[in-house]
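Structure in structure tokens, see below.
The model shown is predicted, which means the values in this text are computed figures rather than measured ones. First the proteins, then the strands, lettered A, B, ... as listed; each starts at 1.
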Number of protein chains: 2
Amino acid sequence: MVYVCFMAVDHDHVLRTAAALLTRRATATMDEVARAAGISRATLHRHFAGRDALIRALEDLGIAECEAALEAARPDEGPAADAVRRLVRALEPSAALLAFLYTENQLFEGEEQNEGWTRLDARLAALFRRGQDRGEFRIDLSPAWLTEALYGLLGSGAWAVAEGRVARNDFTYMIVELLLGGVCRREEP
Amino acid sequence: MVYVCFMAVDHDHVLRTAAALLTRRATATMDEVARAAGISRATLHRHFAGRDALIRALEDLGIAECEAALEAARPDEGPAADAVRRLVRALEPSAALLAFLYTENQLFEGEEQNEGWTRLDARLAALFRRGQDRGEFRIDLSPAWLTEALYGLLGSGAWAVAEGRVARNDFTYMIVELLLGGVCRREEP
DNA sequence: ACCATGTGAGACGTGGACGTCTCAGAAGGA
DNA sequence: TCCTTCTGAGACGTCCACGTCTCACATGGT
């Protein structure tokens, strides 16, 4: 009389498969999501009450991955620029999911958004602010904008990679270098 | 026996109203688009055969605005950095529409995309390449990526402004400064 | 006055995706 | 072996947006 299986292992697998699919085609059907995960639509509905629930779960997954990446990057340690480098590198596997959620959030602007995002935004902004306080980063660009720009560049990068316009290997380098250094050549010191 | 009215004036008005609405809510109904433009759904269908046609028209509008902005920015004149400045400034009014089309394009990745985009991409990439050739821009970031990043930053900026996270007045400055100069402080020359 | 053209309102049918349900069968423990 | 649990397949019904159509009305020229 002991319950052995309570749909925990597959749950994560389904979620990640859905992320992979919806990342490529945001308009994918529930049926397509189910087939991509190798299960039937009925079973998919047993895991997630509906499409909304699935998106919510993906949102939670994305937030969790972001927070994990943020912690792995040790944002309070050493030069802020290096922390940003570590952060983008840690964020790379989640970039496509982030891009999906970023645009998805735009669609349903009316509803209240997951508080996890605001928490995450605050932590990212804090990193940029730390760089400013340390004198590493310029102070004429607000942390809020830098946070937003980071999302945008991650999304653009993920999309550009997906479309084959840039090499996957260059992902982190391109984003980090553009974000930190900008387009203009630096004067030789 | 001379035809006076052939639905030309309102056509543009409808298009721009639709752009303004769909920019805010990409999932807006044809009915909502019609009401926003002050016309009935039937009349909207008389202007645009369907939703696809409307999106196509918006795409053409966005491309036209981009090309107009590009020409107004005189991309082949003077320092490339200044040209980029002029370009972003000229692009600012179209940024929201661009952001909409950028994400919209991502949704229908399967279908062939408007050739206007590739033409535009080429011209933007040419501008960045010119900056590289002049020694203004660093050469380790490909023009293709810079083009993509420009789109991404325009989108992020437009969205951040729409959500009230950054001031509308700072739009051009923030994008240009981040794109050209990056986050890190420059050494005093 | 007449007529043509464009319009609004609304009805109608269609298609697609969704959510729910049932039922038979596979898998695995007792 | 039996029995519980989960699953796949599929059949509904529902809802929403779309596209089309009709018809009456307003506008504006002749």
Output the rounded distance in Å from CZ (A:R25) to C1' (C:dA17).
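To the nearest whole Å, that distance equals 14 Å.
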
Below 3.5 Å between N/O atoms, which protein atoms pair up with nucleotides 12-14 of chain C? Just atom names and distances, please.
none

Closest to the A:T43 side chain, choosing from C:dA17, D:dA17, D:dG8:
D:dG8

Hey, could you give me each pair passing salt bridge (charged side-chain N to carboxylate O under 4.0 Å, His left out) that has a residue in residues 83-94 of chain A? Not counting sequence neighbours.
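Sorted pair list: A:D82-A:R85, A:R85-A:E177.
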
DNA chain D contacts among residues 31-40 of chain A, heavy-atom distance under 4.0 Å
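Heavy-atom contacts with DNA chain D come from A:G38, A:I39, A:S40.
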
In whole angstrom, what separates B:H13's NE2 from C:dG6's C1'?
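Result: 17 Å.
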
With A:A149 via side-chain contact (heavy atoms from CB on, under 4.5 Å) - residues at least two apart
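Per chain and number, A:A149 pairs via side-chain contact (heavy atoms from CB on, under 4.5 Å) with A:W145, B:L153, B:L178.
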
What pairs with B:Y151 under ring-ring contact (aromatic ring centres under 6.0 Å, His included), at least two apart in sequence or on another chain?
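With sequence neighbours excluded, B:Y151 shows a ring-ring contact (aromatic ring centres under 6.0 Å, His included) to B:Y102, given in chain and number order.
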
Of the listed D:dC18, C:dG19, C:dT7, the closest approach to the A:M30 side chain comes from C:dG19

Round to a whole Å and report the spacing from CG of B:L44 to P of C:dG6.
16 Å

Are B:F48 and B:I55 close enough that some pair of their side-chain heavy atoms sits under 4.5 Å apart?
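A side-chain contact is absent here, since even the closest heavy-atom pair is not under 4.5 Å.
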
For B:R35, does the CZ atom sit with more than 12 other heavy atoms under 6.0 Å from it, leaving out its own atoms?
no

Applying side-chain contact (heavy atoms from CB on, under 4.5 Å) to A:A69 and not counting sequence neighbours gives A:A90, A:L91

In whole angstroms, how far is the P atom of D:dG19 from the NE2 atom of B:H47?
16 Å

Keeping A:E32 on the side-chain end and A:T29 on the backbone end, is there a donor-acceptor pair under 3.5 Å?
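Yes, because the side chain of A:E32 sits within donor-acceptor range (under 3.5 Å) of the backbone of A:T29.
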
Atom pair distance, as rounded to whole Å: NE2 in B:H11 and C1' in C:dG6
15 Å

Of all the nucleotides listed (C:dG19, C:dT22, D:dG19), which has the minimum atom distance to the side chain of A:H45?
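Nearest nucleotide to the side chain: C:dG19.
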
Upstream residue (5' side of DNA chain D) when B:A42 and B:R51 are each assigned their closest nucleotide
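Closer to the 5' end of DNA chain D: B:R51.
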
May I have the step-by-step check of side-chain contact (heavy atoms from CB on, under 4.5 Å) for B:W117 and B:E59, ending in yes or no?
CA-CA 9 Å; B:W117 292 122; B:E59 223 173 358; 2.9 Å; yes

Do other residues, nucleotides or ligands put more than 12 heavy atoms under 6.0 Å from the CZ atom of B:R51?
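It does: B:R51 CZ has more than 12 such atoms within range.
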
